[in-house]
Number of protein chains: 2
Amino acid sequence: MTEDKVKKIKMTPQRAAILKYLDGNTSHPSAETIFEAVRKKYPMISFTTVYNTLQTLKDLDRVRELNIDDERKRYDPNVNIHHHLICTNCRKIVDIRMDFPLNVPDEKAQGYMISGRHVEFYGLCPKCRNKKKNNY
Amino acid sequence: MTEDKVKKIKMTPQRAAILKYLDGNTSHPSAETIFEAVRKKYPMISFTTVYNTLQTLKDLDRVRELNIDDERKRYDPNVNIHHHLICTNCRKIVDIRMDFPLNVPDEKAQGYMISGRHVEFYGLCPKCRNKKKNNY
DNA sequence: CCGTTAATATGTAATTATTACAATATAATA
DNA sequence: TATTATATTGTAATAATTACATATTAACGG
């Protein structure tokens, strides 16, 4: 019954390269960033393979897709609960590892069965704060 | 100094129609939904005008752009702080009007100047809960 | 009330991210 | 080592959004 998702995937050099790039990566890369990075080591990899692999990893809960950047999806190999802080200027995303009390009482849940939560913070990253300052 | 953004915009029938549709609207429509709705009353409106107007309203802080749906941007005329609950199946979004203690101590903010916050909850809406049930 | 003009609307084309698909290649297994 | 299900590749298709040039019009002053 407790169908542990131990589904195994075929290991290919492409997947290995993507996994290696993602392992411990806290930069929340986009598919394109991943593609460019992996391509340096593995020049023949295709963009489609990156997307396919990310989809597979998502299905296996080995990667989390973030919709925090309005221009592109970002990917996070850290699938443990944590939150994010995004720069409104350069879109750099960093982790916020804190627990917030986020209980929603039934009468506020409007019949939804809540299964996940995510806190997004917006602001200027240190670099962009300085840039703005120097503009004056 | 306290540059109150009272910038006035030229009122056109198109903008009036969009504003009327958005006023008090809690359905978090996409640009396309807005376009289709407004088109019923105002058939000659163009999609570009909808996008332009949304951009203008965003700049004036009269509308908030939501990146909660991974397929398209959503728009919310309620610019007061509130949070959202999205159905992972049909993407219906409802408001959660609750205050959460979301203070981030400086040592966790990593140099960012935090100016905004948003809590997203994920789950199945009542309709989708029932659908799933009936599949078994 | 009318003329002027800066702002806006429109339609089309371009861009960007992502997905679909068909043909080829290959990891895993027996 | 042969088999085969699965993955990779390249290209083409989609979908959302943006850019841009042209035509239109709201708002203001006279």
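A note on names: the letters A, B, ... follow the listed sequences, proteins ahead of strands, and every chain is numbered from 1.
- There is no side-chain donor-acceptor pair under 3.5 Å between D69(A) and H28(A).
- dA16(D) atom P lies 11 Å from atom CD of E36(B), rounded to whole Å.
- Between the P atom of dG10(D) and the CZ atom of F35(A) lies a distance of 9 Å, rounded to the nearest Å.
- At least one donor-acceptor pair under 3.5 Å links the side chain of Q110(A) to the backbone N or O of K108(A).
- When rounded to the nearest whole Å, the span between CG of L66(A) and P of dT18(C) equals 12 Å.
- Using a 4.0 Å heavy-atom cutoff across all strands shown, E71(B) reaches sugar-phosphate atoms only and no base atom.
- Of the candidates dA9(C), dA19(D), dT8(D), dA9(C) carries the atom nearest the T12(B) side chain, counting heavy atoms from C-beta on.
- With distances taken from any side-chain atom of R15(B) to the nucleotides dT12(C), dT8(C), dT26(C), the minimum falls on dT8(C).
- Listed nucleotides: dT8(C), dG11(C), dA27(C). Nearest to the side chain of I9(B): dT8(C).
- Across dA26(D), dT8(D), dT10(C), the shortest atom-to-atom separation from the side chain of T53(A) is found for dT8(D).
- Taking the side chain of S46(A) as heavy atoms from C-beta on, and the options dT29(C), dT8(C), dG10(D), the nearest nucleotide is dG10(D).
- Under 3.5 Å, the side chains of H84(A) and D95(A) contain a donor-acceptor pair of N or O atoms.
- Remark: P of dT18(C) and CG of D70(B) are 10 Å apart, rounded to the nearest angstrom.
- The nucleotide whose nearest atom lies closest to any side-chain atom of T49(A) is, among dT11(D), dT17(D), dT8(D), dT8(D).
- Among the nucleotides dA7(C), dT18(C), dT11(D), the one closest to any side-chain atom of K10(B) is dA7(C).
- The residue among M44(B) and A31(A) whose nearest nucleotide of DNA chain C lies closer to the 5′ end is M44(B).
- Contact between the side-chain N/O atoms of K73(B) and the OP1/OP2 oxygens of dA17(C) is not found at any separation under 4.0 Å.
- Using modelled atom types, no side-chain atom of H118(B) and backbone atom of G116(B) make a donor-acceptor pair closer than 3.5 Å.
- Comparing atom distances between the R72(B) side chain and each of dA17(C), dT17(D), dA9(C) picks out dT17(D) as nearest.
- Taking a cutoff of 4.0 Å between a charged side-chain nitrogen and a carboxylate oxygen, E71(A) and R91(A) qualify as a salt bridge.
- Between the side chains of S30(A) and T33(A), at least one donor-acceptor pair of N or O atoms lies under 3.5 Å.
- What separates CG of N52(A) from P of dG10(D) is a distance of 13 Å, to the nearest Å.
- Applying the 3.5 Å distance criterion, the base of dT8(C) shares no donor-acceptor pair with the side chain of T56(B).
- Comparing dT17(D), dA17(C), dT9(D) by their closest approach to the side chain of Y51(A) singles out dA17(C).
- Here the side chain of P13(A) is nearest to one of dT17(D), dA9(C), dA27(C), namely dA27(C).
- One interatomic measurement links the two molecules: CD1 of I45(A) to C1' of dT9(D), which rounds to 10 Å at whole-angstrom precision.
- The side chain of K8(A) places no N or O atom within less than 4.0 Å of a non-bridging phosphate oxygen (OP1 or OP2) of dA5(D).
- Closest-nucleotide positions on DNA chain D for M11(B) and E32(B) were compared, and the one nearer the 5' end corresponds to E32(B).
- Straight-line distance from the CD atom of Q55(A) to the P atom of dT9(D): 17 Å, rounded to whole Å.
- In this structure, CZ of R74(B) is placed 17 Å from P of dA15(D), rounded to the nearest angstrom.
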